[in-house]
Peer 1: 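One structure follows; several queries about it will come next.
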2 protein chains.
Amino acid sequence: MATMKQVAERAGVSTTTVSHVINNTRVVSEDVRKRVLAIIAETRYIPSAVARSLKNDRTHTIGMMVPNNSNPYFAELIQGIEDAAFKVGYNIILCNAYDDPKKQAAYLRVLMEKRIDGLILVASGSDDELASLLGDLHVPMVVVDRELPGVEADFIEADHETGGYLATRHLLDMGHRDIACVSGPINLPPSRDRVVGYLRALKEAGLKFRLDYLVRSDFTSAGGFAAFSQLLALKKPPTAIFASNDLMAIGGICAASQAGVAVPRQLSVVGYDDIALASYSTPPLTTVAQPKYRMGQLITQVLIDRIMVGDVPLRREMLQSELKQRQSTAPL
Amino acid sequence: MATMKQVAERAGVSTTTVSHVINNTRVVSEDVRKRVLAIIAETRYIPSAVARSLKNDRTHTIGMMVPNNSNPYFAELIQGIEDAAFKVGYNIILCNAYDDPKKQAAYLRVLMEKRIDGLILVASGSDDELASLLGDLHVPMVVVDRELPGVEADFIEADHETGGYLATRHLLDMGHRDIACVSGPINLPPSRDRVVGYLRALKEAGLKFRLDYLVRSDFTSAGGFAAFSQLLALKKPPTAIFASNDLMAIGGICAASQAGVAVPRQLSVVGYDDIALASYSTPPLTTVAQPKYRMGQLITQVLIDRIMVGDVPLRREMLQSELKQRQSTAPL
DNA sequence: CTGTTAGCGCTTTCAT
DNA sequence: ATGAAAGCGCTAACAG
């Protein structure tokens, strides 16, 4: 691989000049510029970002930590972020923590060594340990969907409480009274907030909350399958279920179908996230759509802003979601 | 951020020594080591991978180019790769090309500037341009699922022809005779091969191929929906459909359901890939399971091998897939 | 309009 | 058992 020095020599100029023609950073006479450019093309010279980074203290690289990207929701979010980052010349290093604190810590360490310019952290399981780890990690950082106490970072979330409310409200509007809820891991604030919204809608409608109508699960299809099975086996099964993410809703519909319960005729189901496949499940899933793309854009923009200008006050943004009515819900 | 020099000064030793205690690369007296380690902890010193990379000509970073990760298949594959890479101390820079040659080229450029140690390239749309781009990209590289003529790279693929055969054979075994096929983009070899397998099974069974039973689509749910709709509207609709990926199969089942066609009672459907959601579609999808995790591992291992030892002969591996029978297929 | 030079943070050869 | 110093490939202040 050619170096700048070699290019300079062959062009009969100094490396300074080569650097300046590459970066357009000061005037260079037309013929020198031409000559240099020719040599660059000829030698297939490609500047080294690592040397540049060492000099400039900027890597144009962003670390992104997600619990795991097997949930299409994350995949879609990542896509939005990567897209936006690319547009402003940043790359993403992807880190799947698998909810494993050890792995997460190891990753964080590597990211710091690689001198990432910023970090995006998406809600995951283990709170406390992480917070202390991040506490003295002085890197621009935006946290998504879960606030880390003691961690200085911009914070972006969707309004999960309202989302849960909207989902439940929709079921209520359809005349349902026996509405169950399948929650995600209860230690995750987004998960908890959706349940809070569910509870609020119930209360507002003057319905009493039944403990056996709230079952906790884990945001996976398998978990949804199990939770729905349990709910449908109740002596008085619900006529509608709010599953707090799409994966669980889809797994749940599968369970209902196997139990001989028709959706939406005998059971209405609403999901959460609006992953791409939600439109094509059987039946197409009514769900709360999170503004994934806008969220990805916002996350990236906030992070880049902080990287660029630095010491602005911490930002906090909450995005709204909306109900997408499809065919998994019907009047009682 | 502390530097090695600062650590050395505060510990009253040379940077050489600090370097050696960090890397365990020569004997250091116990008390000096202790002192250095203490200062490192105290100053929260983290070595700079960028300086290291400049010196060593190794970034421990792998670039991964995918057409887009909205297909869960890719997400799952990425996960396998990232997992395996992490274990051997490598990070992944994720690049979504969106089948856009311009974006792909831009990314490749950036990756080269960042001096990635290796590149993983997963099948995408635009062939020719890419091949020439990659031709003089002298970086260890493994290509997945699509051979690039003129590009020196290890090549790893799944046996799509056999997969397509298996899927069709299964339908045949269930007594179906009117078997249609929904293919992916025909310029993608994996897509083409699956169709070839379909054709072979048909021929072997002595069935004539009907042109209107082969419809080309695009590997998305929406595409599958449209293709199935078209097929079911035929005067003589098929009794079974081989959809060449799961996304299309799921979209197709959705279309069938809306057309009032029951799966599997009136229509058998087999998919391809075995994405996580396939087990939980309604009905659960019979599909050809690609060994995604094993594939991710193999890809990573082959790439790392090439990075480490360099000049070994080009490798070529083909992995087998297997049919996972679930409930979207039934005897005629 | 162009070049000299120091230095970014590290590794490693060569001395001692 | 330890250190001095060169150098990885680039940028930019300073000088001309």
Side-chain angles (χ1 to χ4, degrees), chain A residues 1-37 39-40 43-61 89 109-117 138-139, chain B residues 1-37 39-40 43-61 89 109-117 138-139:
Chain A
M1 174 105 275
T3 73
M4 195 157 122
K5 195 167 158 206
Q6 290 162 13
V7 171
E9 272 164 14
R10 295 199 40 176
V13 298
S14 70
T15 58
T16 303
T17 298
V18 176
S19 173
H20 285 303
V21 346
I22 287 172
N23 301 307
N24 260 305
T25 182
R26 85 178 181 194
V27 267
V28 174
S29 69
E30 204 41 44
D31 60 331
V32 169
R33 145 171 275 106
K34 282 241 173 68
R35 198 144 33 97
V36 170
L37 255 18
I39 302 290
I40 286 177
T43 56
R44 300 182 182 323
Y45 166 69
I46 296 179
S48 161
V50 2
R52 224 177 231 166
S53 293
L54 182 59
K55 187 88 204 113
N56 300 342
D57 224 20
R58 278 273 133 100
T59 55
H60 286 266
T61 302
R109 166 79 189 193
V110 175
L111 291 178
M112 292 316 287
E113 291 188 353
K114 291 227 162 126
R115 297 296 195 259
I116 50 168
D117 290 345
H138 290 307
V139 74
Chain B
M1 175 103 278
T3 73
M4 194 157 122
K5 196 167 157 206
Q6 291 162 13
V7 172
E9 273 164 14
R10 296 200 38 176
V13 297
S14 70
T15 58
T16 305
T17 298
V18 175
S19 174
H20 285 304
V21 347
I22 288 172
N23 301 306
N24 259 305
T25 182
R26 88 176 177 195
V27 268
V28 175
S29 67
E30 204 41 41
D31 62 330
V32 169
R33 146 173 274 105
K34 282 242 174 70
R35 198 145 32 98
V36 170
L37 254 18
I39 303 290
I40 286 177
T43 57
R44 299 180 181 326
Y45 167 70
I46 296 179
S48 162
V50 3
R52 223 175 232 167
S53 293
L54 183 58
K55 189 84 202 127
N56 299 343
D57 224 19
R58 277 273 133 98
T59 56
H60 286 266
T61 302
R109 166 81 189 192
V110 175
L111 291 178
M112 293 315 288
E113 291 188 353
K114 290 224 163 127
R115 298 295 194 261
I116 51 167
D117 290 344
H138 290 307
V139 75

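Keep in mind that this is a model prediction, so the values were computed, not measured. All chains are named by letter (A, B, ...) in the order of the sequence lines, taking the proteins before the strands, and each is independently numbered beginning at 1.
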Peer 1: Donor-acceptor check, side chain of B:Q6 to backbone of B:T3, threshold 3.5 angstrom: yes or no?
Peer 2: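 It does hold such a pair.
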Peer 1: Please give, in whole Å, the distance from D:dC10 C1' to B:E113 CD?
Peer 2: 12 Å
Peer 1: For B:V32 and B:T17, work out which heavy atoms get closest and say how close.
Peer 2: CG1-CG2, 3.8 Å
Peer 1: Can you check the A:D57 CG to D:dA12 C1' distance for me, whole Å?
Peer 2: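 From A:D57 CG to D:dA12 C1': 15 Å.
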Peer 1: Which part of the nucleic acid does B:N23 contact within heavy-atom distance under 4.0 Å: base, sugar-phosphate only, or nothing?
Peer 2: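 Sugar-phosphate contact only.
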Peer 1: Using whole Å, report how far CZ of A:R115 lies from P of C:dG9.
Peer 2: 8 Å
Peer 1: To the nearest Å, give me how far apart CD1 (A:I46) and P (D:dC10) are.
Peer 2: 11 Å
Peer 1: Let me know, please, whether B:D31 or A:S19 comes out on the 5' side of the other along DNA chain D by nearest nucleotide.
Peer 2: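 That would be B:D31.
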Peer 1: Answer whether the closest heavy-atom distance between the side chains of A:I22 and A:S19 falls below 4.5 Å.
Peer 2: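 The answer is no, as the side chains (C-beta and beyond) never meet within the 4.5 Å cut-off.
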Peer 1: Are the side chains of A:K114 and A:T59 in contact, using a 4.5 Å heavy-atom criterion?
Peer 2: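 Side-chain contact under 4.5 Å: no.
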Peer 1: Specify the closest pair of heavy atoms between B:A2 and A:R115, including all atoms of both residues, with the distance to one decimal.
Peer 2: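 It is O-NH2, 4.5 Å.
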Peer 1: Are the side chains of A:V50 and B:R52 in touch, meaning some heavy atoms are under 4.5 Å apart?
Peer 2: no
Peer 1: Separation of A:K34 atom NZ from C:dC1 atom P, in whole Å?
Peer 2: 14 Å
Peer 1: Which one, D:dG9, D:dT2, C:dC10, comes nearest to the side chain of B:S29?
Peer 2: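 Shortest atom-to-atom distance from the side chain points to D:dT2.
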Peer 1: Heavy atoms only, 4.0 Å cut-off, all strands: where does A:V50 land among base, sugar-phosphate and nothing?
Peer 2: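 Answer is nothing: A:V50 stays at 4.0 Å or more from every strand.
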Peer 1: Any idea which heavy atoms bring B:T15 and B:A8 closest together, and the distance?
Peer 2: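 Closest approach of B:T15 to B:A8: N-CB, 3.7 Å.
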Peer 1: Please state how far atom CG in A:L54 lies from atom C1' in D:dA12, giving the value in whole angstrom units.
Peer 2: 14 Å
Peer 1: For a quick check of understanding: with a heavy-atom distance under 4.0 Å over all strands, which category does B:N56 fall into, base, sugar-phosphate or nothing?
Peer 2: sugar-phosphate
Peer 1: Which atom pairs link the protein and nucleotides 3-6 of chain D when you take only N or O atoms and keep those under 3.5 Å?
Peer 2:
from: D:dG3; atom 1: OP2; to: B:S14; atom 2: N; distance (Å): 2.9
from: D:dG3; atom 1: OP2; to: B:S14; atom 2: OG; distance (Å): 3.1
from: D:dG3; atom 1: OP2; to: B:T17; atom 2: OG1; distance (Å): 2.7
from: D:dG3; atom 1: N7; to: B:R26; atom 2: NH2; distance (Å): 2.9
from: D:dG3; atom 1: O6; to: B:R26; atom 2: NH1; distance (Å): 2.6
from: D:dA4; atom 1: N6; to: B:T16; atom 2: OG1; distance (Å): 2.8
from: D:dA5; atom 1: N6; to: B:T16; atom 2: OG1; distance (Å): 3.4

Peer 1: What's the NZ-C1' distance between B:K114 and D:dG9, to the nearest Å?
Peer 2: 17 Å
Peer 1: Calculate the interatomic distance between B:Q6 atom CD and C:dC10 atom C1'; express it in whole Å.
Peer 2: 13 Å
